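Notes follow the structure.
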Amino acid sequence: MGKQKLKSVWVYHVDAGSCNGCDIEVLDVLSPYYDLERLGVKVVPTPRHADTLLITGPLTRQTRIALKKTYEAMPPKPRIVVAIGTCACSGGIWYDSYALYNTSPQRGRDRLRSGGPEMIVPIDMYIPGCPPSPEEILYGVAQLLGIKEKKMKGEYWIALPPEEEPTKENEIKFEIPERPIPLRYWLTLREELRRVVGYYDRDAVLEDFIKLVERAYGESPDNPEERLHDLITGYALRENDSRINVAMRFLENEFWRMVKEYREWGESLREKYPVTVGV
């Protein structure tokens with residue numbers, strides 16, 4: 001968009017598979033209370049008359065064709081696209097769901113989150129939130145129209161190794177928390193566990209599991225898998241919440257699967273690249 005300022009904007013709204021939370025906030029912005037039309041914004045019934053496309057939802061497989069055709073039906077210029085809500089900005093919590101259309105090569109475990117309508121259409125403005133409040137949507141539209149300048153500015157930070165001390169204001173020390181399991185394991189388990197117990201309980205359950213892993217390796221370094229199974233069995237007998245017991249069994253299976261998987265990767269890499277580190 002550059003520094004272009006628009007006196008009025010005609011918008012068309014597309015639901016790309018949202019839960020309707022963001023759509024309700026968009027409707028609220030259009031109500032007489034917030035009165036988005038006073039800023040020169042008008043909702044039109046067809047994309048052929050629209051300057052701006054408002055998208056909500058993470059882009060499901062079923063909606064991708066409709067979204068693509070809607071975008072292509074808009075006039076060539078200015079053709080502005082606004083992603084409203086966390087799902088539209090990055091795929092949200094569904095970013096790696098089978099139901100979404102996500103062609104990013106970064107999709108999968110241990111990768112940065114990617115997804116959303118940006119997989120098929122270019123996004124000019126992101127308004128995150130789950131859902132964003134009407135005030136946040138109004139603020140984004142005000143920036144779009146050039147009525148309000150951005151309050152946020154870009155910052156560039158440099159993460160230093162633990163042994164180096166910061167010498168500049170934008171330098172910080174990068175320290176990996178000490179855990180009995182590798183950071184890659186912890187991140188993957190934490191991400192996968194949300195499918196079983198959700199966001200609220202996953203950290204507490206994962207912390208208990210890590211303690212059991214540390215104890216299993218300490219008490220039985222030659223056969224930690226069998227010892228961990230016994231510890232989790234005892235944990236389940238003391239725990240009354242069946243949901244947590246299911247989560248612990250899930251973590252046990254995922255943990256040993258990753259141990260085997262990364263061990264095989266390491267062996268195949270050593271066979272392919274037979275080098276000694278530091279030589």
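Note that the coordinates shown come from a computational prediction; the quantities given were computed from them, not determined experimentally.
- In this structure, Thr63 contributes its side chain and Leu59 its backbone to no donor-acceptor pair below 3.5 Å.
- Remark: the Tyr139 side chain and the Glu135 side chain contain no N/O donor-acceptor pair separated by less than 3.5 Å.
- The hydrophobic clustering, which links ILVMFWY residues whose side-chain heavy atoms are closer than 4.5 Å, places Tyr12 and Ile65 apart.
- Looking at Leu189 and Ile181, their side chains come closer than 4.5 Å, going by heavy atoms from C-beta outward.
- Residues Asp124 and Val82 form no side-chain contact, since every pair of their non-hydrogen atoms from C-beta on lies 4.5 Å or further apart.
- Taking every heavy atom of both residues into account, Pro47 and Pro75 meet most closely at O-CD, 3.6 Å.
- Under the 4.5 Å side-chain heavy-atom criterion for ILVMFWY residues, a single connected hydrophobic cluster contains both Val246 and Ile210.
- Residues Glu252 and Met248 are not in side-chain contact: their nearest non-hydrogen atoms beyond the backbone lie 4.5 Å or more apart.
- Rounding to the nearest 0.5 Å places CD1 of Ile137 at 7.0 Å from OG of Ser133.
- Between the side chains of Glu171 and Thr167, at least one donor N or O lies within less than 3.5 Å of an accepting N or O.
- Under a 3.5 Å cut-off, the side chain of Thr188 and the backbone N or O of Arg184 do form a donor-acceptor pair.
- Annotation for Glu225 and Trp256: closest pair CA-CZ2, 3.2 Å, computed over non-hydrogen atoms.
- Distance check: Asn20 CG to Asp15 CG gives 6.0 Å after rounding to the nearest 0.5 Å.
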Working for side-chain contact (heavy atoms from CB on, under 4.5 Å), residues Arg215 and Leu231:
CA-CA 9 Å; Arg215 182 178 169 186; Leu231 291 174; 3.6 Å; yes
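- Across Ala83 and Cys89, no two heavy atoms sit closer than the pair O-SG, 3.9 Å.
- Between Ala247 and Leu193, the shortest heavy-atom contact is CB-CD1, 3.9 Å.
- Annotation: side chain of Thr52 is not in contact with side chain of Val141 (no heavy-atom distance under 4.5 Å).
- By the rule that hydrophobic residues join a cluster once side-chain heavy atoms approach within less than 4.5 Å of another member, Leu206 and Leu183 end up as members of one cluster.
- Between Tyr217 and Val213, some side-chain heavy-atom pair lies under the 4.5 Å cut-off.
- Side-chain atoms of Thr86 come within 3.5 Å of backbone N or O of Gly129 as a donor-acceptor pair.
- Atom CD1 of Ile172 sits about 14.5 Å away from atom NZ of Lys168, to the nearest 0.5 Å.
- Because its NZ or CZ atom is both nearer than 6.0 Å to the ring centre of Tyr101 and within 45° of the ring axis, Arg64 counts as a cation-pi partner of that residue.
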Determine, step by step, whether Arg243 and Val197 satisfy the side-chain contact (heavy atoms from CB on, under 4.5 Å) criterion, reporting the C-alpha distance in whole Å, the side-chain angles of both residues, the deciding distance to 0.1 Å, and the verdict.
CA-CA 7 Å; Arg243 188 171 58 107; Val197 295; 3.8 Å; yes
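- Between the side chains of Asp28 and Tyr34, no donor-acceptor pair is found at a separation under 3.5 Å.
- For the atom pair CG (Leu100) and OG1 (Thr60), the distance works out to 7.0 Å, reported to the nearest 0.5 Å.
- For Trp10, the CH2 atom sits in a loose shell: 12 or fewer heavy atoms of surrounding residues, nucleotides or ligands are nearer than 6.0 Å.
- The pair Asp203-Arg190 meets the salt-bridge criterion, with a side-chain N (NZ, NE, NH1 or NH2) lying under 4.0 Å from an Asp/Glu carboxylate O.
- Here the shortest heavy-atom pairing between Pro221 and Pro224 reads O-CD, 3.6 Å.
- Taking the six-membered ring where the residue is Trp, Tyr262 and Tyr185 present parallel rings, their angle staying beneath 30° rather than reaching 60°.
- Annotation: the span from Phe255 atom CZ to Trp186 atom CH2 amounts to 15.0 Å, rounded to 0.5 Å.
- When the shell of 6.0 Å around CG of Asn240 is examined, it contains 12 or fewer heavy atoms from other residues, nucleotides or ligands.
- None of Ile84, Thr56, Thr70 except one satisfies the side chain to side chain contact (heavy atoms under 4.5 Å, CB included) rule with His13; the exception is Thr56.
- Counting only heavy atoms from C-beta outward, the side chains of Ile120 and Tyr71 never approach each other to under 4.5 Å.
- A salt bridge links Glu254 with Arg257: the distance from a Lys NZ or Arg NE/NH1/NH2 to an Asp or Glu carboxylate oxygen falls below 4.0 Å.
- Ile55 and Ile24 are not part of a single hydrophobic cluster, where members link through side-chain heavy atoms under 4.5 Å apart.
- Counting heavy atoms from C-beta on, the side chains of Leu53 and Met74 come closer than 4.5 Å.
- Separating the CD1 atom in Ile232 from the CG atom in Leu237 is a distance of 12.0 Å, to the nearest 0.5 Å.
- The closest side-chain donor-acceptor pair between Arg249 and Thr233 falls under 3.5 angstrom.
- Counting only heavy atoms from C-beta outward, the side chains of Pro132 and Cys22 approach each other to under 4.5 Å.
- A pairwise comparison of heavy atoms in Glu136 and Pro128 identifies OE1-O, 4.2 Å as the closest pair.
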Test log, rule side-chain contact (heavy atoms from CB on, under 4.5 Å), inputs Val11 and Leu36
CA-CA 11 Å; Val11 302; Leu36 188 61; 5.8 Å; no
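- Criterion: ILVMFWY side-chain heavy atoms under 4.5 Å apart, direct or through other members. Under it, Tyr33 and Leu27 are not part of a common hydrophobic cluster.
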